[in-house]
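Not measured: the values here are computed from a predicted model. Within every chain, numbering begins at 1; the chains are lettered A, B, ... in the order of the sequence lines, protein sequences first and strands thereafter.
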Amino acid sequence: MIESIKSFLGYFFVTGDPMIYGADASIALASIGIVVVLTYFKKWKWLWEEWLTTVDHKRIGIMYIIAALLMLFRGGVDALMMRTQLTLPNLHFLNSEHYNQVFTTHGTIMIIFVAMPFIFGLMNIAVPLQIGARDVAFPFLNALSFWLFFAGAMLFNLSFVIGGSPDAGWSGYAPFAGAELNPGVGQNYYVLGVQISGIGSLATGINFLVTIIKMRAPGMTLFKMPMFTWSILITSVIVVFAFPAFTVALALMTIDRLFGAHFFTIAAGGSPMLWANLFWFWGHPEVYIVLLPVFGIFSEVIATFAHKTLFGYAVMVWSMVAISVLSFITWLHHFFTMGNTAPVNAFFSVSTMLIAIPTGVKIFNWLFTLNKGRIEFTTPMLWALAFIPNFTIGGITGVMLAMAPADYQYHNSYFLVAHFHSTLIAGTVFGIFCGLHYWWPKMFGYLLDERKGKWSFWIFMISFNICFMPMYFLGLMGMTRRMYTYPAGLGWTPINIVITIGAFGMGLGFIIMAWNIIWSAIHGKRDTTGDPWGGRTLEWTTSSPAPEYNFAHIPEISTRDPLAAMKEGKTGDLRKSSKPYEPIHMPNNSGIPVIMSGFMFIAGFGFVFEWYWMGIPGLIGVVACMIARSFVYNDHHYIPVDEIEKTEAATGRLS
Amino acid sequence: MKNLITMIKPAILLLALPLITGCSDKIAVLNPQGPVARSQYHLIIWSLIMMSLVLAIVLILFVYVLARYGRKNSKGFDPNDTGNRKLEIVWMIIPVIICVLLAVPTVQTLYALNHPPKATATPAKLAGKTLTIDVTSVQWKWLFRYPDQKIETVNYAVIPAGTPVKFRLHAYDAMNAFWVPELGGQQYTMTDMPMKLWLQADKPGNYDGRSSNYSGRGFAHMTFTIMARNATDFDNWVNDVKQNKPALSLNGYKKLLQPDTVKPQAFSSYPKLAEKDLNKAQMQALEAGKSTKNDSMQGMKMDKNMDMDHNGKGGHHDD
Amino acid sequence: MMDSLLSQKNKSTLPLEYSTEEGDLRIVGFWIFLAAELVLFGTLFGTYLVLQSHTAGGPNAHDLFEIGPVMAETIVLLVSSFTCGLSTMELRRHNNKGLIGWLIITILLGLVFVGLEANEFYTYAAHEGATLSTSAFLSGFFILLGTHGCHVSLGIVWIIGILLQLRKRGITPVTARKAFMVGLYWHFLDVVWIFIFTAVYLTGWVI
Amino acid sequence: MSENQNQVMKQEHAGFPWKQVIGLVLSLALTFLALWIAVGLSLPVHVTLTIIVGLAIFQAFIQLFMFMHVTEGTEPVHQVIGILFGIYVAFAVVAGTIWILAYTI
Ligand code: HEA
Ligand code: HEA
Ligand code: CUA
Ligand SMILES: [Cu+2]
């Protein structure tokens with residue numbers, strides 16, 4: 001009896017590694033700490049009513065960003081562990097199994113649980129404010145999306161301490177990721193954790209698409225929308241059409257692993273290459289999902305701090321449309337070397353290169369926005385400026401990869417690793433840091449400190465180059481990705497040392513940023529005007545942080561950049577209105593999203609271990625929540641006029 | 001303008017790359033030792049030149065606007081400068097041209113690589129001769145079988161220099177990719193689809209190869225060496241293996257198929273079973289006494305010369 | 001055409017389900033959801049078609065598919081799409097009884113369809129030993145058709161929920177929207193079936 | 001007055017559901033036609049496949065217009081574009097997958 005319990009525990013908890021015991025202990029301590037603090041300060045009710053059940057897009061946005069920052073920390077620690085291991089040849093800091101798990105979780109977490117939620121967070125905060133709406137189209141669904149993402153992320157992260165992490169790379173190639181060559185629960189965590197959060201992403205895509213096409217302020221025609229809103233519109237389209245393919249791919253892999261089907265297996269006619277095909281059919285659009293929104297952010301920030309409208313607005317829009325259309329017909333460039341016929345490789349080579357054209361158009365339009373501007377070097381602007389040259393390097397190396405016969409030499413080498421970090425970091429990460437600093441006052445009512453912000457920028461940006469530029473050479477020298485160690489004498493060692501130094505430099509930059517957040521919460525400059533940067537768009541017309549209902553009166557606009565136009569005296573005051581207030585119709589909070597995601601988590605955990613006694617009741621709980629929701633008719637309330645008056649008076653907006 | 005300088009640095013690094021190549025043979029991809037690698041090298045250099053051009057344009061504009069308009073009271077501030085159709089068309093057309101200039105040689109090289117490279121070996125009687133090697137990736141080792149010479153090696157292969165070699169690639173279990181950077185780009189190995197890769201070495205020498213597609217625990221050690229020798233040395237080596245090396249027994253072969261890393265080895269013969277290029281599932285079916293029928297990926301012919309193996313059972317067609 | 005697409009801002013002439021802003025938003029959202037489902041099924045179709053010939057020595061399409069049962073399923077589903085269309089028409093006439101009646105007939109037909117399909121699967125498994133894990137071809141077959149079948153079953157449950165609400169509340173902007181949306185869903189599943197009929201069964205007989 | 005609004009009016013007041021009946025008859029006819037072409041005739045495989053796929057697409061559009069009223073709503077252009085984009089992506093995944101993995105069927 002005791003023996004069987006022991007062996008179960010040995011299988012259940014990951015054992016034998018001090019780092020993991022450390023993680024166990026810190027998770028336990030952190031959980032206890034949170035419970036104690038909440039109980040001591042009697043904050044449970046507050047937590048439940050103000051946050052867990054909220055359907056307010058601004059709070060959901062904040063929760064997304066907090067979760068993404070935590071995940072960035074985890075993914076970053078993974079990266080530093082990998083870099084430590086690779087500093088010198090034949091190190092034994094991590095063994096092979098452990099290293100394999102670390103790069104898998106690093107890649108998956110960074111893309112799915114950092115880049116995506118960070119972007120979802122920023123768009124939750126900014127889009128309704130930019131279009132003059134009071135919330136998103138489906139606030140309940142929005143909360144559900146967040147909690148599903150959160151449940152998926154927690155499930156995925158649990159693998160580190162319970163059962164074992166996935167180890168087949170973030171792209172989880174078959175047949176290695178199949179049950180035959182990869183038994184155990186690690187890959188189950190991957191397919192289920194990613195699946196659960198993916199469903200939430202799909203819902204977010206639909207939600208924002210409808211929000212943007214249907215809920216814009218009167219007068220805001222499509223071609224008067226702010227560029228960030230445009231970028232989210234187009235990103236949502238990509239999300240809606242790319243994710244279903246991934247949902248299917250993950251489901252098929254789950255069915256292969258759990259129920260013995262043969263989609264991707266070696267046996268019985270399964271086609272391992274089919275996995276690669278389906279994965280990248282989602283995977284390639286995915287990189288634009290995490291890129292186009294930051295294009296939007298850069299457009300806002302560059303226009304604001306160059307004190308000019310965006311150069312070539314219409315072309316900026318159409319180039320994003322072109323990217324979204326092209327992004328669905330280039331996926332094969334991730335497996336040029338899987339024995340395709342020459343016409344196939346030729347088609348996908350060319351379709352991939354074509355993306356350089358609309359992207360280039362955007363780069364030049366930004367440069368010409370700066371041209372004849374009055375450039376102000378704030379922290380968000382620095383991130384935006386640094387993006388231009390650094391991302392261009394990532395982009396042009398992408399074009400080099402797109403040339404199939406040349407890719408035969410780059411594929412899966414560190415040249416590739418360098419390419420995608422140059423795009424993902426100089427594009428996505430610079431972009432979300434840029435947006436974070438830019439919209440921070442709108443979220444919390446105070447600014448992040450500029451001095452610390454600039455320090456973290458310079459350290460992070462320089463270290464980024466130290467870390468990733470040498471990787472291009474390493475790749476050409478023949479070092480492939482996903483190697484846990486390498487022999488001496490190939491000339492790789494000095495380069496690897498430099499890379500590791502750069503990686504730790506990025507860590508330092510990130511720590512300064514974290515410190516900045518904490519420091520500014522206490523000492524940061526308060527934003528009393530609602531418009532700390534001299535903004536151009538509607539989100540800066542309301543107070544910081546925005547009231548629950550965003551706008552006391554729905555603004556009516558007649559131009560692009562309405563706030564800039566107002567400041568130039570071209571239109572009336574957007575902040576104050578002489579019209580009397582009316583009660584505002586707002587959605588009610590709901591506990592169903594968090595409860596339903598809890599059931600989803602339970603179901604996911606059950607299926608990971610193939611404990612159907614747990615998985616199936618979990619699913620039943622999910623369905624029950626859905627049914628319960630469909631019978632809720634009374635899900636709105638009104639904010640009375642005197643409450644609106646009080647809120648508006650407090651920010652000096654009462655006319 | 002401290003910020004400018006740091007931003008330009010990576011660009012300088014990249015631009016300097018072609019220069020560095022001259023003095024270092026450690027950069028394998030830029031040190032081609034055979035016609036296949038060389039044609040890819042030409043493509044790479046061409047793309048590097050074009051890309052340096054693009055980067056230079058972006059950087060020059062970038063530095064110019066920052067230097068000119070980055071000062072507190074710079075002249076020429078013009079908030080009404082919001083677009084310019086003509087300019088926008090210019091920076092649409094130029095990338096189109098660059099893409100065409102890249103796409104044409106890309107497609108040409110792509111089609112050219114389907115054909116065997118021209119033999120360069122002397123004497124002339126060797127011209128037109130090719131060598132075929134069946135490569136099987138197994139977690140975490142490489143098996144090389146010489147169907148014409150009837151010998152087998154593990155983790156290294158000897159080839160005649162100047163002669164086109166056709167590597168036929170299979171996987172026993174996980175996917176891997178066969179990469180010898182100095183001789184040419186890689187191809188995947190798969191369980192359900194034999195693929196081919198033509199490579200040729202200009203001159204005798206040892207060329208490092210490794211798997212470039214992750215396949216599990218021992219992946220980092222999944223390296224091999226391709227040893228090019230002149231024609232007589234190659235023949236001598238084959239004879240030597242035939243005479244002095246042990247035969248590969250069926251049991252020995254099955255042992256090699258277990259997931260593990262092993263040392264380089266050579267065998268004077270191989271069991272009949274090895275010719276079938278079974279994958280792991282087929283092998284298990286065979287052991288269990290069931291039919292080994294499996295479907296390969298029909299239709300994925302790499303070119304007309306290579307017939308796919310529709311029932312997954314041995315039987316190679318030579319061209 | 002384009003003209004009429006753009007010029008329908010005037011809500012007064014539109015049916016009840018569009019009369020509230022919420023209804024309007026949800027219907028557009030639902031259309032987008034259906035477009036996403038299109039890709040989901042597209043992926044399953046692509047998978048099935050690639051694996052179709054990978055029978056691994058097991059039964060193939062010719063061995064399995066029989067015209068009789070397949071046509072029965074097809075006709076039942078097509079007719080149910082028709083009755084569902086009639087229910088929407090009754091909705092437009094604000095005839096709650098007619099709406100409920102046609103919806104009930106629709107789910108009955110839906111149940112017949114699901115029954116026929118279950119029987120088909122059972123026959124394959126019991127008589128030909130064809131299951132999910134027999135071959136890649138059959139994995140693709142069962143999952144493509146199973147996904148469609150699950151959607152139909154879900155549609156039945158959903159319609160029942162709406163019937164309850166229609167009985168209790170009659171035709172209101174909210175129930176009208178729900179009834180309209182489930183109609184869209186049902187027709188969409190019919191569209192998917194048309195492609196299953198073509199790509200799975202007809203193609204199976206042809207090749 | 002746009003065409004669609006007329007349709008809505010007609011539907012609300014006309015007695016007999018012509019549109020639905022025509023839709024049903026057409027779908028049944030097309031289904032049997034496709035069956036006959038596939039099973040009854042023995043045209044070359046590629047020809048047969050082309051025809052039956054064409055018929056299926058035609059039938060799908062009947063459902064879309066006759067039963068689903070894609071062109072109805074406050075701003076139907078949105079759902080029409082949505083469906084068109086969905087068709088584009090679905091086509092890409094089906095055709096691309098087949099081209100890459102099994103183009104000779
Ligand atoms: C945000 C993420 C992001 C972005 C934006 C991109 C952008 C691009 N990527 Fe990248 N890519 C990844 C993330 C990204 N990629 C990831 C994560 C992988 C690897 C996944 C894995 O295997 O794990 C990858 C892999 C990858 C491959 C596969 C290589 C291989 O596996 O062997 C290829 C091949 O074609 C490629 C190409 C491109 C191209 C052409 C672009 C283009 O969009 C770039 C366009 C931009 C420019 C070109 C610069 C600006 C343009 C101008 C200044 C105009 C003038 C320029 C020209 C005319 C050239 N990428
Ligand atoms: C948005 C995506 C994203 C981001 C931001 C990053 C960020 C980083 N990545 Fe990542 N990476 C990927 C996406 C990303 N990566 C993907 C998709 C893969 C492929 C995975 C696969 O092969 O499957 C990959 C793979 C990958 C590899 C290849 C591994 C291999 O193939 O063997 C390497 C190696 O150097 C690497 C390094 C780094 C580094 C140094 C950073 C740095 O930017 C990290 C910066 C560091 C921090 C932000 C640290 C913060 C934490 C602290 C400061 C804590 C300090 C505390 C302690 C030390 C206790 N990454
Ligand atoms: Cu590999 Cu087809
Ligand atoms: Cu890509």
### Summary
If you tally heavy-atom pairs under 4.5 Å between each of C/Ile32, C/Leu40, C/Thr74, C/Asp190 and chain D, the highest tally belongs to C/Asp190
### Query
Can you name the side-chain hydrogen bond (donor to acceptor under 3.5 Å, both in side chains) partners of C/Thr175, sequence neighbours left out?
C/Thr172
### Query
Mind checking which of residues 182-189 of chain C sit less than 4.5 Å from chain D, heavy atom to heavy atom?
C/Leu184, C/His187, C/Phe188
### Task
Could you have a look at D/Gly23, D/Gly86, D/Ala56, D/Ala38 and say which one has the most heavy-atom pairs with chain C under 4.5 angstrom?
D/Ala56
### Message
Can you tell me which portion of C/Ile67 sits under 4.5 Å from chain D's heavy atoms? Options are side chain, backbone, both or neither.
### Response
side chain
### Task
Compute the ring centroids of C/Phe180 and C/Phe30, then answer whether they are less than 6.0 Å apart.
no
### Query
Can any side-chain N or O of C/Ser139 pair as donor or acceptor with the backbone N or O of C/Leu132 at less than 3.5 Å?
yes
### Summary
Honestly, the part of C/Leu86 sitting under 4.5 Å from a heavy atom of chain D is both
### Sidechain-backbone polar pair: C/Ser87 side chain, C/Trp102 backbone, donor-acceptor under 3.5 Å
no
### Task
Would you mind checking which part of C/Ile27 comes under 4.5 Å of any heavy atom in chain D, side chain (CB onward), backbone (N, CA, C, O), both or neither?
neither
#### Entry: Engaged part of C/Phe82 at the chain D interface, taking heavy atoms whose separation is under 4.5 Å
both
### Query
In chain order, what residues pass the side-chain hydrogen bond (donor to acceptor under 3.5 Å, both in side chains) check against C/Thr134, with sequence neighbours excluded?
C/Thr131
### Message
Heavy-atom cut-off 4.5 Å, strictly under: side chain, backbone, both or neither for D/Leu30 against chain C?
### Response
neither
### Query
Can you tell which of C/Val28, C/Leu202, C/Leu44 has the highest number of heavy-atom pairs within less than 4.5 Å of chain D?
C/Leu202
### Task
Taking the six-membered ring for Trp and the full ring for Phe, Tyr or His, determine whether the centres of C/Trp205 and C/His62 are under 6.0 Å apart.
no
### Message
Counting heavy-atom pairs closer than 4.5 Å to chain C, which one of D/Leu55, D/Ile57, D/Ile52 comes out on top?
### Response
D/Ile52
### chain D contact via C/Ser81 - which portion, at a heavy-atom distance below 4.5 Å
both
### Message
I need the residue from C/Phe41, C/Trp31, C/Phe197 with the largest number of non-hydrogen atom pairs under 4.5 Å to chain D.
### Response
C/Trp31
## Note on the structure
Paired with D/Leu24, the side chain to side chain contact (heavy atoms under 4.5 Å, CB included) test is passed by just one of D/Leu28, D/Val21, D/Ile22, D/Leu26, namely D/Leu28
### Message
Among residues at least two apart in sequence or on other chains, which ones pass ring pair (Phe, Tyr, Trp, His ring centres under 6.0 Å) with C/Phe45?
### Response
none
### Task
Could you label the plane-to-plane angle of the C/Tyr124 and C/Phe65 rings as parallel, tilted or perpendicular, counting under 30° as parallel and over 60° as perpendicular?
tilted
### Query
Are any side-chain N or O atoms of C/Thr203 and backbone N or O atoms of C/Val200, one a donor and one an acceptor, separated by less than 3.5 Å?
no
### Task
With a 4.5 angstrom heavy-atom cut-off, could you sort out which part of D/Thr31 is near chain C: side chain, backbone, both or neither?
both
### Task
State the CZ-CD1 distance between C/Phe141 and C/Ile196, to the nearest 0.5 angstrom.
9.0 Å
### Query
Any idea which of D/Phe85, D/Phe32, D/Phe61 has the most non-hydrogen atom pairs under 4.5 angstrom with chain C?
D/Phe32
### Query
Do the ring centers of C/His54 and C/Tyr48 come within less than 6.0 Å of each other?
no
